[in-house]
Undergrad: 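Mind having a look at this structure? Questions to follow.
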2 protein chains.
Amino acid sequence: MSKNPTIADVAREAGVSTATVSRTLNDPDRVKEPTRVAVQDAVNKLGYTPHFGGRILASNRTNTVGAVIPTMENAVFAHGLQTLQASLADMGITLLVATSSYDREHEEHQIRTLLARGVDGLALIGAERSAEIYALLDRREVPYVLMWTGGKADGHFTVGFDNDAAARQVVDKVVAAGHTKIAMIAGTTEGNDRAAERVAGVRAALAERGLPAPTIVEVPYQIEEGERAAAAFLSAAERPTVLICGNDVLAAGALRAARTHGVNVPDQISIVGFDDIDLARVVEPPLTTVRVPHRRMGTSAAQHLVEWMRTGVKPASILYRTDFIERASLGRPPK
Amino acid sequence: MSKNPTIADVAREAGVSTATVSRTLNDPDRVKEPTRVAVQDAVNKLGYTPHFGGRILASNRTNTVGAVIPTMENAVFAHGLQTLQASLADMGITLLVATSSYDREHEEHQIRTLLARGVDGLALIGAERSAEIYALLDRREVPYVLMWTGGKADGHFTVGFDNDAAARQVVDKVVAAGHTKIAMIAGTTEGNDRAAERVAGVRAALAERGLPAPTIVEVPYQIEEGERAAAAFLSAAERPTVLICGNDVLAAGALRAARTHGVNVPDQISIVGFDDIDLARVVEPPLTTVRVPHRRMGTSAAQHLVEWMRTGVKPASILYRTDFIERASLGRPPK
DNA sequence: ATGATAAATGTAAGCGCTTACAAGAATTAA
DNA sequence: TTAATTCTTGTAAGCGCTTACATTTATCAT
C-alpha cells in the first residue's frame, strides 16, 4: 500500500463526505468545529496531502507564477527574482523560473512552456517581443507584468523605470562634470530594449546639447567584454575622457582595463556604470552609477500581478524613478 | 468561446480519437505519418496546448523539479541555479525555486510546499536538516540531490565537494606563506553545515600543526558584516596577519575595511576568500580564494537527478575537488 | 409546537488527459 | 489465397479533486 492516501480515504476515515474534506481544507469556516477536527485528525493520521494534479484539474488554478529573466548571473536580476519569489511565497504562490540568455526566440519558447504548465501569471523582463506572444497571452487571459521597463510599453502592465530618461540623466551629470569626449560601452541591444533605450537616451541627450555623437560599442554584458572594449578605447588615438557603461558589470571590466593600462580613474578617465549592484561599491574606485529599484520592482510586481490574477482587473503601470549615485569613478576630465 | 480547446476538440477536428491525439503528442513514432500530420494540423489550427492538470492527473508525473537554495543574492547560488535550470530545461523539465534565507524551518516549509506541488525531484543545498524531512522524502519516494556538500552525508545522493578539506587546504597555504597569527571571519554556522565545515576544517588543520587556536567570529554572509568584522580585527591590540574568510563576499568586505583603515593588502595583512565568484577577480587586490565547481555541480546534479527520476535507481554521489587560487591578496606576513 | 429560514453536509458530475485493452487494418509467410 | 502476425487506431475507464445542487439538521420567530 505504497499508494498515497486520497481525499476519499480521508473522508472514509473521518466518516464524512469528500466534499466536507475538501471544504475543511480550503475553507475551514464553512465546516463545524467537531467535523473539522475529525477531518484534521484523519488527515494527520493518514499523512494526507492533496494531489496537485487533481486539484488544478478541478479548480483550474495552479497558484503558480512563471518568470523568464535573461540570466541569473547578473546580480540585478538575481536580486529582483529573489524579492519576487519571496513576495509571491508570502501570498502562497510559487515561482517557476526560466532563463532566456537574452535570446528572443528562446524566451518565447520558455513563455510557451510556462503557459503549458498552467501558470496563473507571468513576470517578464522588458517589453520587446513578438506580437504573437502578446496575442497568445491575451487569448489565454493570463495576467502578466513587464518589469525593468516603463512608459513606452503602452497597453501592458509594467513595473519599472525609464531607461531612456535614466541614460539622459547620466549624460547631464557627465556633461556637467565638464566632459565632451564621451564614449559608451553598451550592452547588446539586439533583442534587449532596455539596453537599446539606454543607448538612445545617451545619443539623444548629447544631440540635444549639440555635442558630437559619441562612439558607441555594443558588447555582451560580461566583465571581460567590458574590459576588452575599454582597453580599445584607452589605447585609441583620441582617448575619450569618460566611458559610460551599459551596466555595472561592464563598468567593472572597464575599471580593470584602466588598471592594467596604468590609467588612473578618475584622474585620467572617468567611468560610469548602471544598476548599482553590490559590485559598484566594492571596486576601487567605487562606481558612479544609476540606482535601479530592483527590490521594489520585485515586491510591487508580485503584489499587483497577484491582484490582477485574483480580481481580473489589470492594474495601472508603475514607474519608479532612478537615482544617480555619485561615487569616485566620475571626476572632471583631464586637461 | 474563450474556452481553451481540449484534446477532444483536436480529435474531432482531425477525425481521430483522443487516444491518437495523445499518442501523436507524446510518442509520435507510434502513429502513422498521415494521421500524425492531420493531428498536427488540427493542433496548430486550434492553437491547442495540453492541459497541465489533466496531464499530471492522468500520468502522475509533473516533469518539474524543485530547488530550495539559501538565497539568490549570493552569486554562487545564482550561478549554480542557472546551470541547474538550463540543464533541466534541456531535458524538458522546469524548475520551481524557493529560498530559505538560511533558515532551517523556513527551508522545511518550502520543501513541503514543493512536494505538495508534486515535484518529481528536489535539489537542496547542504545535508543538515531534520530526520522527519528525510523520512518524508523517503516515504514519498521523491528523488533528491544534496548539493554543495560531500562525503559526510551518508546514504544521501550528494553532488558537491568537501568543505572541510578545502578549508584545511587554505590553512596549508596560509601557513606555508609563513602566517601564524590567523583569524577567521566565518559565515553563520547555525543551520549551515557548509559554513560549519569550513570552520571545522580551519580549526582542525591548525590544531594538527600545533598552532594556536584561531580567533573566529561568525557573521551573516554580507559585505557590510565582513567589513565590520574585519575592522574589529584591524584595530585589535594583537592584529592577525591573515584573515581567512568564509566566502568571497565577506572577504570583499574585509578588503574594504582594510582600505578605509589604510592597511595595505597583502603587505600588512593578507585576506583569503572562498568560492571564487566574479567578484574575487574584480576587487583590488584580486582575492586569493578557493574555486568551487558551481557550474559543474549544477549540470551534474541535474543530470543524475533526472536519471534517478527516470530509472528509479539512486545514483552514486559525486565529489568534486576544489582548487586553491592564488592571487594578490595573500602574501607573506609583515615582520 | 410549527413552519420558515439558515447552516452544515452529502451527492454526483465533471475537469482534460493517459493508457490498458479491444478491434480493425495492413503486412507477411505459407 | 489464407492464416498468422504485426501495426494502427479506437473505446472507455479512471486519475483526485472541486463545486453546483440537493438534502438534512439546526436555529429562530411566531
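Letters A, B, ... are given to chains in the order of the sequence lines, protein chains preceding strands, and every chain is numbered from 1. A quick note: this is a predicted structure, and the numbers were derived from the prediction, not measured. No hydrogens, no waters, no symmetry mates; every other heavy atom, side chains included, goes into these values.
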Undergrad: How large an angle, rounded to 10°, do the end axes of the helix from C:dA1-D:dT30 to C:dA30-D:dT1 enclose when each is built from five base pairs?
TA: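 Here the local axes at opposite ends form an angle of 30°.
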Undergrad: I'd like to know if the side chain of A:Asp27 and the backbone of A:Arg23 have a donor-acceptor N/O pair within less than 3.5 Å.
TA: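 No: the side chain of A:Asp27 does not pair with the backbone of A:Arg23.
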Undergrad: How would you list, by chain and number, every residue that makes a side-chain hydrogen bond (donor to acceptor under 3.5 Å, both in side chains) with A:Thr62, sequence neighbours excluded?
TA: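 Only A:Asp120 meet the side-chain hydrogen bond (donor to acceptor under 3.5 Å, both in side chains) criterion with A:Thr62.
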Undergrad: If you draw a 6.0 Å radius around NE2 in B:His106, do more than 12 non-hydrogen atoms from other residues or ligands fall strictly inside?
TA: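 More than 12 heavy atoms, drawn from other residues, nucleotides or ligands, come within 6.0 Å of this atom.
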Undergrad: Using a 4.0 Å cut-off on heavy atoms, which residues in residues 305-313 of chain B reach DNA chain C? List them by number, or say none.
TA: none
Undergrad: Just to verify, what does B:Phe52 make a ring pair (Phe, Tyr, Trp, His ring centres under 6.0 Å) with, not counting sequence neighbours?
TA: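 Per chain and number, B:Phe52 pairs via ring pair (Phe, Tyr, Trp, His ring centres under 6.0 Å) with no residue.
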Undergrad: Could you list the residues that satisfy side-chain hydrogen bond (donor to acceptor under 3.5 Å, both in side chains) with A:Ser100, not counting sequence neighbours?
TA: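 A:Ser100 satisfies side-chain hydrogen bond (donor to acceptor under 3.5 Å, both in side chains) with no residue once adjacent residues are dropped.
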Undergrad: Return the value, rounded to whole Å, for the distance between atom CG of B:Asn63 and atom P of C:dC17.
TA: 15 Å
Undergrad: Please tabulate, one pair per line, all N/O donor-acceptor pairs under 3.5 Å involving side-chain atoms of residues 75-92 of chain B, not counting sequence neighbours.
TA:
{"from": "B:His79", "atom 1": "ND1", "to": "B:Arg295", "atom 2": "NH2", "distance (Å)": "3.3"}
{"from": "B:Gln82", "atom 1": "OE1", "to": "A:Thr71", "atom 2": "OG1", "distance (Å)": "3.4"}
{"from": "B:Gln82", "atom 1": "OE1", "to": "A:Met72", "atom 2": "N", "distance (Å)": "2.8"}
{"from": "B:Thr83", "atom 1": "OG1", "to": "B:His79", "atom 2": "O", "distance (Å)": "3.3"}
{"from": "B:Thr83", "atom 1": "OG1", "to": "B:Gly80", "atom 2": "O", "distance (Å)": "2.9"}
{"from": "B:Gln85", "atom 1": "OE1", "to": "A:Thr99", "atom 2": "OG1", "distance (Å)": "2.6"}
{"from": "B:Ser87", "atom 1": "OG", "to": "B:Thr83", "atom 2": "O", "distance (Å)": "2.8"}

Undergrad: Not counting sequence neighbours, which residues clear salt bridge (Lys or Arg N to Asp or Glu O under 4.0 Å) with A:Arg140? List them please.
TA: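 Partners of A:Arg140 under the salt bridge (Lys or Arg N to Asp or Glu O under 4.0 Å) test: none.
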Undergrad: For nucleotides 11-14 of chain C, which of its nitrogen or oxygen atoms have a protein nitrogen or oxygen under 3.5 Å away, and what is each distance?
TA:
none

Undergrad: By a strict heavy-atom criterion of less than 4.0 Å, which residues belonging to residues 24-55 of chain B are in contact with DNA chain D?
TA: B:Val31, B:Lys32, B:Thr35
Undergrad: What residues, two or more places apart in sequence or in another chain, satisfy salt bridge (Lys or Arg N to Asp or Glu O under 4.0 Å) together with B:Arg104?
TA: B:Glu128
Undergrad: Starting at atom CG of A:Asn60, determine the distance to atom P of C:dC17, rounded to an integer number of angstrom.
TA: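 So the two atoms are 11 Å apart, to the nearest Å.
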Undergrad: Roughly how many Å is it from CD1 in A:Ile56 to C1' in C:dC15, rounded to a whole number?
TA: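 Result: 11 Å.
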Undergrad: Can you name the residues that form a side-chain hydrogen bond (donor to acceptor under 3.5 Å, both in side chains) with B:Thr188, not counting sequence neighbours?
TA: none
Undergrad: Can you tell me the distance, in whole Å, between the CG atom of A:Leu57 and the P atom of C:dG16?
TA: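 In whole Å, C:dG16 P lies 7 Å from A:Leu57 CG.
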Undergrad: If you measure from the Lys or Arg side-chain nitrogens to the Asp or Glu carboxylate oxygens, is any gap between B:Glu13 and B:Lys45 under 4.0 Å?
TA: yes
Undergrad: Under 3.5 Å, is there a donor-acceptor pair between the side chain of B:Arg61 and the main chain of B:Ala58?
TA: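 Absent.
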Undergrad: Looking at residues at least two apart in the chain, or sitting in another chain, which of them share a salt bridge (Lys or Arg N to Asp or Glu O under 4.0 Å) with A:Arg30?
TA: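 Scan of A:Arg30 (salt bridge (Lys or Arg N to Asp or Glu O under 4.0 Å), adjacent residues dropped) gives none.
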Undergrad: Nearest nucleotide by nearest heavy atom, which residue falls closer to the 5' end of DNA chain D, B:Ser59 or B:Gly15?
TA: B:Gly15
Undergrad: May I ask you to say what A:Thr6 touches in the nucleic acid, namely base, sugar-phosphate or nothing, with a heavy-atom cut-off under 4.0 Å?
TA: sugar-phosphate
Undergrad: Using side chain to side chain donor-acceptor pair (under 3.5 Å), reason through B:Glu108 and B:Ser130 one step at a time and then give a plain yes or no.
TA: CA-CA 8 Å; B:Glu108 302 203 346; B:Ser130 76; 2.8 Å; yes
